[in-house]
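So the structure is just underneath, and the comments pick up after that.
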There are 2 protein chains.
Amino acid sequence: MSSLRDVAERAQVAISTVSAALNGTRPVAAGTRRRIEQAAAELGYRPNLLARGLQSKRTRILALLYPAPRSGFGLTEMQFATGAAEAARELGHHLLLSPENADPIEELRHLTGLGLIDGVLLMEVGLDDERAAFLAAAGVPFSMIGRTRDPGSIDYADIDFAATARDAVAHVAALGHRKLAFFNLSADAYADGYGPAIRAGEEFAAAARAAGIGYVDGHRPGSAEEGREAFERLMDAHPDVTALAVMDDHAAVGVIAAAAARGRRIPDDLTLMLVLSSAGVAEMFHPRLTTLEPPGTELGRLGARMLVDRLSGGGPPQQRLVPCRLVAGDSSAPPPVPGPAGGPREGRPA
Amino acid sequence: MSSLRDVAERAQVAISTVSAALNGTRPVAAGTRRRIEQAAAELGYRPNLLARGLQSKRTRILALLYPAPRSGFGLTEMQFATGAAEAARELGHHLLLSPENADPIEELRHLTGLGLIDGVLLMEVGLDDERAAFLAAAGVPFSMIGRTRDPGSIDYADIDFAATARDAVAHVAALGHRKLAFFNLSADAYADGYGPAIRAGEEFAAAARAAGIGYVDGHRPGSAEEGREAFERLMDAHPDVTALAVMDDHAAVGVIAAAAARGRRIPDDLTLMLVLSSAGVAEMFHPRLTTLEPPGTELGRLGARMLVDRLSGGGPPQQRLVPCRLVAGDSSAPPPVPGPAGGPREGRPA
């Protein structure tokens, strides 16, 4: 096994310089540091992190705990992970991607019991999140991407649903729309107390009220077929709706098909916005949909940074809300001019 | 700072049992282990992993090194990461999500120099991959999701492009198609020596030849606009093509729009397959596209398992190829019956 001395000899520097370079205890010129790291790699020298960890009781490893993806991870969840990994790395830390398996609390016990990690980053946070409760009780430093119903003094970075809803409502109101329908996430997500579903629902209603435009909600389609059915029911009950905000990507597929079947053209007859979906997904649609794109990378970065800050010392809680970015697509337009009866034109061939 | 003895007292077990539970040196009943982990967490007991690592020279941490996503990580890349994290966890290891930053070799030097990791998992592997060359030269255990041009004895799990192409060609041949066009990944990906682009191109050509059906390639659209243009050029030069395999999701959007503009209906006039795209993406299209779905989770799991096997001892190289799964959508149908002139019907209104 190679020693610190072997590394110092190969890199032609003092032992104290090797120690400083590998442990970060004082600045070392980039070229020198690189030579030392190369020598350490070539010699298979490794125990310094562990020794440093034993000494400082810090491993500089954070765990991003994520649930088993119900219907597969989406692009936004991926951005949480890569954003957090990048920020952690920039701040001299490393990020574990830690699946929760069946029992998230058991996994947390395992991770913290091992002494492997300095802190935890939670994502897919529920309004009443048992993981957050466990970590708070155990005194393990953590931050949240998302937030519980009552986050208290826990650091978090979450979507600003109020600003997002205001921007979306302002977008359609400026085009002249007078009545907006909102299709929330699936009934399952709503029933599970999934924060984004609950908050988006509340904030869209509030924003429409504040803007003085008509508003319809209560639909929660989670698939293309449910999107199709929800659109049919919506048009039967509220034929005067000319703008639609849809949370679930797959539901949007059904909405678009159902609109075409009814002869409602997008955007001529109907403005359609995807909410909390990426511009990459919106480009899959034809026409390209207007999107409220969640700041996935930024939230991931913020969550990791807050956690590192917390590990480095005290300070007041950091709680940040970031709005989605409105990316205008080809699915937004002024509403159609009302027909002779004052209602929308129905059944016109596309 | 709490000791092993404190944990043993709180959990009401012998010190040797605590050690066995936390270090995995012998089996401990699940209930007992949980009590010990809980006690360790409550007491903030942590140094065992580090001490164990110092003793065994193993940290049980693997790093998944990933490049800065050029156009954002896709769902398949996410599956590599989550699959690898799950398999690592099941095998008693942990997975770091390690961004490469500007210089992947410098990042590898840093990771290996720190003594943090036991091995590396590479993804987005180039035909001539400098990271693989570095790790092999440095003697760092690693495995690849994907593979270099000449992987030698390095463990890898990759897509079986030959079987994937055979399945795709057999799918359209069985429907009665006699001429297939293949739209590869963008010219950029091709020029970079990106394995999947090169291999898919070769294998589709070979499979079409073996099946005795006509074949057109050379198109490499990387966006909706390029997909539109490529389809126009294809139809001008080869109006008798009735089946199309497209690698780039965004190019497919342009192909579909261009086909509609030409009055070519999918699937009545044209069968369209997405290659190396997820069924989740295919469902965004209308009609839902037939897809050759890459085994992302399985490849991630295999890569992690091979690396853990390698770390646990010798054995011959493990090199596994897994085909994409053909998920039939609504974009596949027999080709149209030729019109009076023997060519395809053009310009028919949709």
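In what follows, every chain begins at residue 1, and chains take the letters A, B, ... in the order their sequences are listed.
Interface residue A/His286: only side-chain heavy atoms are found under 4.5 Å from chain B. Proximity to chain A is limited to the side chain of B/Glu107, based on heavy atoms less than 4.5 angstrom apart. Only the side chain of B/Val281 comes within less than 4.5 Å of a heavy atom in chain A; its backbone stays farther off.
Atom CG of A/Leu95 and atom CG of B/Leu96 lie 8.0 Å apart (nearest 0.5 Å). In this structure, CD1 in A/Ile36 is found 12.5 Å from CZ in B/Arg109, a value given to the nearest 0.5 Å. Here the CG atom belonging to B/Leu289 is positioned 10.0 Å from the CE atom belonging to A/Met284, to the nearest 0.5 angstrom. Atoms CE and CE, from A/Met78 and B/Met78 in turn, are 4.5 Å apart once rounded to the nearest 0.5 Å.
Looking at every heavy atom in both residues, B/Pro99 comes nearest to A/Arg89 through CG-CB, 4.1 Å. Residue B/Leu97 comes nearest to A/Ala85 through the heavy atom pair O-CB, 3.4 Å, listed as atom of the first residue, atom of the second, then distance.
For the set A/Gln79, A/Glu90, A/His250, the count of heavy-atom pairs under 4.5 angstrom toward chain B peaks at A/His250.
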Evaluate the side chain to side chain contact (heavy atoms under 4.5 Å, CB included) criterion for residues B/Val253 and A/Glu283: first the C-alpha distance (whole Å), next the side-chain angles of each, then the deciding distance (0.1 Å), finally the verdict. CA-CA 8 Å; B/Val253 175; A/Glu283 285 169 11; over 6 Å; no
Quick one: do B/His94 and A/Leu111 satisfy side chain to side chain contact (heavy atoms under 4.5 Å, CB included)? Show the steps, please.
CA-CA 10 Å; B/His94 298 274; A/Leu111 278 171; 3.6 Å; yes
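When the shell of 6.0 Å around CZ of A/Arg305 is examined, it contains 12 or fewer heavy atoms from other residues, nucleotides or ligands.
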